[in-house]
Amino acid sequence: MRPDICFWNKEVASTSDDETTVHPAPDLIVEILSRSTTGRDRGIKFEDYAAHGVREYWIIDPVRKSLEQYQLDEATMAFASAAVLFVDDTLDALTVVGFRIPVKAIFDQQLNLETLQQLMKTERL
């Protein structure tokens with residue numbers, strides 16, 4: 001049961017090295033839905049990631065061209081909905097400081113490349 005994308009902030013990543021066998025929970029996990037994974041991504045993975053302290057979880061739906069953004073409620077160790085975004089919206093990550101992209105960049109290859117180039121120039125991550 002592996003996520004599609006994981007991200008650790010510098011502070012968390014610095015607690016691990018090549019010899020580390022148990023890694024800290026990622027700050028952000030992204031899952032991209034497909035027919036075969038939707039049940040797990042919204043079910044067991046959703047619950048498991050929260051229980052293990054993942055602070056932010058995105059579910060990308062390529063059919064609806066949407067992104068569901070969840071934030072960990074540490075009091076209950078469960079995800080709370082933060083936003084449901086579509087192609088005309090802008091995504092502001094909650095746990096990755098300065099990460100802001102148009103949702104359309106997730107689904108449009110040319111805009112994706114342009115956005116990635118812009119992110120690389122700013123070196124905020």
Side-chain angles (χ1 to χ4, degrees):
M1 194 166 69
R2 295 182 185 156
D4 293 323
I5 299 171
C6 295
F7 178 84
W8 289 265
N9 283 313
K10 289 178 185 177
E11 301 78 26
V12 175
S14 68
T15 65
S16 298
D17 60 27
D18 291 340
E19 302 301 315
T20 303
T21 57
V22 177
H23 297 278
D27 292 288
L28 168 67
I29 287 181
V30 179
E31 292 288 2
I32 302 165
L33 297 180
S34 69
R35 284 184 183 160
S36 64
T37 66
T38 297
R40 285 191 310 274
D41 294 343
R42 294 185 183 283
I44 188 73
K45 287 184 173 185
F46 189 89
E47 301 295 328
D48 188 55
Y49 296 157
H52 283 91
V54 173
R55 295 173 39 219
E56 185 172 359
Y57 182 39
W58 301 347
I59 297 176
I60 296 174
D61 185 336
V63 174
R64 292 179 57 215
K65 293 193 178 348
S66 65
L67 182 145
E68 298 168 31
Q69 183 180 37
Y70 298 92
Q71 184 172 30
L72 183 66
D73 175 356
E74 291 184 21
T76 62
M77 293 305 284
F79 286 123
S81 179
V84 177
L85 304 168
F86 296 91
V87 293
D88 292 332
D89 297 321
T90 299
L91 168 65
D92 288 295
L94 303 170
T95 58
V96 183
V97 176
F99 186 85
R100 183 172 211 248
I101 63 167
V103 172
K104 186 175 182 177
I106 296 168
F107 306 103
D108 179 289
Q109 186 175 10
Q110 182 60 40
L111 185 55
N112 183 289
L113 291 172
E114 292 168 10
T115 302
L116 180 58
Q117 289 172 343
Q118 188 62 36
L119 287 170
M120 299 301 284
K121 287 179 185 177
T122 60
E123 296 185 72
R124 290 187 266 182
L125 305 179

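Along the sequence shown, residues are numbered consecutively beginning with 1. Note that the structure is predicted; figures quoted are calculated from it, not measured.
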Side chain Q69, main chain D92, donor-acceptor under 3.5 Å: yes
Worked verdict on F46 versus D48 for side chain to side chain contact (heavy atoms under 4.5 Å, CB included): CA-CA 6 Å; F46 189 89; D48 188 55; over 6 Å; no
Cluster overlap I32 with V96, hydrophobic side-chain contacts below 4.5 Å: yes
Heavy-atom side-chain contact between W58 and L28 under 4.5 Å: yes
Pairwise side-chain contact, R42 with L33, heavy-atom cut-off 4.5 Å (strictly under): yes
Side-chain donor or acceptor of K45 paired with backbone N/O of R2 under 3.5 Å: yes
Student check: side-chain heavy atoms of L67 and L85 closer than 4.5 Å: yes
Spacing of N112 atom CG and I101 atom CD1 [to the nearest 0.5 Å]: 7.5 Å
Separation of K65 NZ from I106 CD1 (nearest 0.5 Å): 11.0 Å
Smallest separation among heavy atoms of A50 and A78, with atom names: CB-CA, 3.9 Å
Derivation of the side chain to side chain contact (heavy atoms under 4.5 Å, CB included) call for E56 and D27: CA-CA 6 Å; E56 185 172 359; D27 292 288; over 6 Å; no
Derivation of the side chain to side chain contact (heavy atoms under 4.5 Å, CB included) call for D41 and Y49: CA-CA 10 Å; D41 294 343; Y49 296 157; 5.9 Å; no
Donor-acceptor under 3.5 Å (W8 side chain, P24 main chain): yes
Aromatic plane relationship, Y70 with F79 - under 30° parallel, 30 to 60° tilted, over 60° perpendicular: tilted
Side chain proximity check, L94 to R55, heavy atoms < 4.5 angstrom: no
From OG1 (T115) to CD (Q118), nearest 0.5 Å: 8.5 Å
From CD1 (I5) to CD1 (I60), nearest 0.5 Å: 6.0 Å
Contact check, side chains of S66 and F86, non-hydrogen atoms, under 4.5 Å: yes
Between CD1 on residue I59 and CZ on residue R64, distance to nearest 0.5 Å: 10.5 Å
ILVMFWY network linking I44 to I29, side-chain heavy atoms under 4.5 angstrom: no
L119 side, atom CG; F99 side, atom CZ - distance, nearest 0.5 Å: 5.5 Å
